[in-house]
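First comes the structure, then the notes that go with it.
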Amino acid sequence: MLNLFILGCFLTTFAACDVKVDVHSHYLPDFYAAALRDAGHNPGPDGMPAIPAWDPETHLQFMQDLNITKSYLSISSPGVYISVPSRAATKNATRLARRVNDFASQLKAQYPSEFGFFASLPLPAIEESLQEIEYCFHELDPKPDGVVLMSNSYGMYFGDPNMDPIWEALDALNITIFEHPTGPCTEHNHLKYSNIDGETSTITPEEWRSLNRPVATRQRATPILDFPFDTARTFADLFYSEVPTRFPSLRWIIPHAGGGLLPTLDRIVTFSTLYPGFNMTMSLMMDTLSRSFYFDLAGPWPVDSSIPTLLRWVNHSNILWGSDVPFTAWAAASILAFDTGIEDVFGNSTRSQDVRSNNARRLLQ
Ligand SMILES: *[C@@H]1O[C@H](CO)[C@@H](O)[C@H](O)[C@H]1NC(C)=O
Ligand SMILES: *[C@@H]1O[C@H](CO)[C@@H](O)[C@H](O)[C@H]1NC(C)=O
Ligand SMILES: *[C@@H]1O[C@H](CO)[C@@H](O)[C@H](O)[C@H]1NC(C)=O
Ligand SMILES: *[C@@H]1O[C@H](CO)[C@@H](O)[C@H](O)[C@H]1NC(C)=O
Ligand SMILES: *[C@@H]1O[C@H](CO)[C@@H](O)[C@H](O)[C@H]1NC(C)=O
Ligand SMILES: *[C@@H]1O[C@H](CO)[C@@H](O)[C@H](O)[C@H]1NC(C)=O
């Protein structure tokens with residue numbers, strides 16, 4: 001059905017053809033939703049009002065209704081490590097990672113042109129994550145198209161030296177990393193991931209969720225504010241730890257057009273001069289971004305006001321499209337708004353079509 005549609009589309013008016021590739025879409029198989037519930041993520045993860053319903057058939061229907069030819073599925077926040085770190089939690093997370101990866105691989109086998117996926121890792125458990133990388137990229141068939149990493153894993157941000165073996169393994173495999181925001185977490189207390197070797201965790205899930213969140217008594221859903229800022233935080237940590245230059249084969253997808261990053265990126269660059277020898281300049285930042293970084297446009301927001309700011313830093317060839325289904329109830333509406341807004345931004349259908357689909361095809365196929 002989809003393939004016939006694409007063919008028809010190519011044969012008629014190529015330029016008007018608004019098919020999309022979705023790099024930011026989520027899957028929640030029943031066993032994953034049950035695991036979230038069992039681990040106390042109620043009523044939904046990250047203060048959301050519910051765990052969204054998901055099944056492959058509904059996802060395929062959504063794709064067909066909105067001219068999405070391919071979706072890259074990933075597990076959203078809180079990822080697969082869903083209980084506060086301890087040995088028992090690591091065991092569960094490792095098992096859950098394997099299960100969601102196997103599930104997505106089978107789905108990809110069943111729908112090879114419709115679905116790709118980003119593999120989940122049981123971070124902050126390093127050894128177990130290295131084993132899962134090995135399994136996913138050397139045994140699993142079909143393989144993942146990259147990995148999804150939460151912006152932090154119980155306080156382990158992207159610049160954490162403990163992450164180096166993970167970057168090394170992924171770099172050697174030439175992997176695309178899809179960053180996904182989660183709630184922020186401090187590393188400066190006894191509650192952080194270092195208790196991973198404890199028999200049991202030392203903190204309740206409620207205490208963990210309120211870490212580093214001022215106005216804790218009036219918390220709204222984490223995705224509103226904390227998600228975009230955690231993306232900016234882990235990005236800054238990544239650059240100040242020089243991960244992109246130390247591991248140059250890694251490619252990164254930063255969601256939501258950078259989240260809180262765009263208004264802060266000039267500061268990240270300029271303040272780097274406080275650190276002697278650091279040597280970050282706007283043009284070096286732009287070179288690195290254009291070599292290794294992609295930004296997806298999962299909203300919700302008016303694209304015609306956010307994209308021009310993004311274009312200060314990267315060309316349209318580094319911008320990808322994403323829906324964030326099934327987490328945003330307004331996905332369908334914002335997709336239609338996107339189609340209107342994007343033409344205004346580029347005034348050039350070749351470029352908007354690159355953003356909708358061709359850039360993602362180049363990166364991921
Ligand atoms: C899907 O593509 C067709 C053909 O280009 C177009 O007429 C239709 O409006 C599109 N639908 C959506 C929801 O984008
Ligand atoms: C691990 O999973 C088991 C079985 O689902 C559950 O009973 C247990 O509470 C979990 N432990 C932790 C620490 O998450
Ligand atoms: C790494 O992946 C990119 C993007 O998929 C591809 O263009 C490139 O050729 C790959 N490099 C190697 C050494 O495999
Ligand atoms: C900073 O980087 C530029 C460009 O790579 C290089 O020419 C310059 O020597 C570097 N300066 C320092 C202090 O490392
Ligand atoms: C965009 O591409 C042009 C031409 O290739 C280049 O001169 C410019 O520096 C690029 N801009 C960014 C932000 O990468
Ligand atoms: C859009 O711009 C590109 C390069 O900037 C150009 O090659 C192409 O012909 C333009 N497409 C349309 C439909 O105007």
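Whatever order the structure lists ligands and atoms in, that order sets their numbers, starting from 1. Owing to the predicted nature of the structure, the values given are computational and were not obtained by experimental measurement.
Proximity annotation for atom 11 (N) of ligand 1: of Leu66, Asn67, Ile68, Asn67 comes nearest, heavy atoms only. Remark: among candidates Asn92, Val84, Leu96, the nearest residue to atom 2 (O) of ligand 2 is Asn92, based on non-hydrogen atoms.
Donor-acceptor pairing under 3.5 Å is lacking for the side chains of Ser317 and Tyr294. Looking only at atom types and distance, the side chain of Asp102 has no donor-acceptor partner in the side chain of Gln106 under 3.5 Å away. Remark: the Asn101 side chain and the Arg98 side chain contain no N/O donor-acceptor pair separated by less than 3.5 Å. Ser323 and His24 share no donor-acceptor pair across their side chains, judged by distance under 3.5 Å alone.
Taking a cut-off of under 4.0 Å to the non-hydrogen atoms of Asp65, the atoms of ligand 1 that pass are 13 (C). Proximity to Ala88 (heavy-atom distance under 4.0 Å) selects the following atoms of ligand 2: 13 (C). For ligand 3, the atoms sitting less than 4.0 Å from at least one non-hydrogen atom of Leu363 are 4 (C), 5 (O), numbered in the order shown with element in parentheses.
Residue Ser86 places no N or O, backbone or side chain, under 3.5 Å from any N or O of ligand 2. At under 3.5 Å, not a single nitrogen or oxygen of Arg362, backbone or side chain, sits near a nitrogen or oxygen of ligand 3.
Residue-ligand proximity: Ala89 is placed with a non-hydrogen atom under 4.0 Å from ligand 2. The closest approach between any non-hydrogen atom of Ile335 and ligand 1 is not below 4.0 Å.
Considering all non-hydrogen atoms of both residues, Cys136 and Leu140 come closest at O-CB, 3.4 Å.
Salt-bridge check for Arg356 with Glu343: passed, with a basic side-chain N closer than 4.0 Å to an acidic carboxylate O. Taking 4.0 Å as the cut-off between side-chain N and carboxylate O, Asp354 and Arg351 do not count as a salt-bridged pair.
Ring to ring, Tyr157 and Tyr240 are not that close: their centroids are 6.0 angstrom or more apart.
With a 4.0 Å cut-off on non-hydrogen atoms, Arg251 touches ligand 3 through its side chain and not its backbone.
In terms of protein heavy-atom proximity, atom 6 (C) of ligand 3 is closest to Asn174 ND2, 4.2 Å.
Counting protein heavy atoms under 4.0 angstrom from atom 13 (C) of ligand 2 gives one or more.
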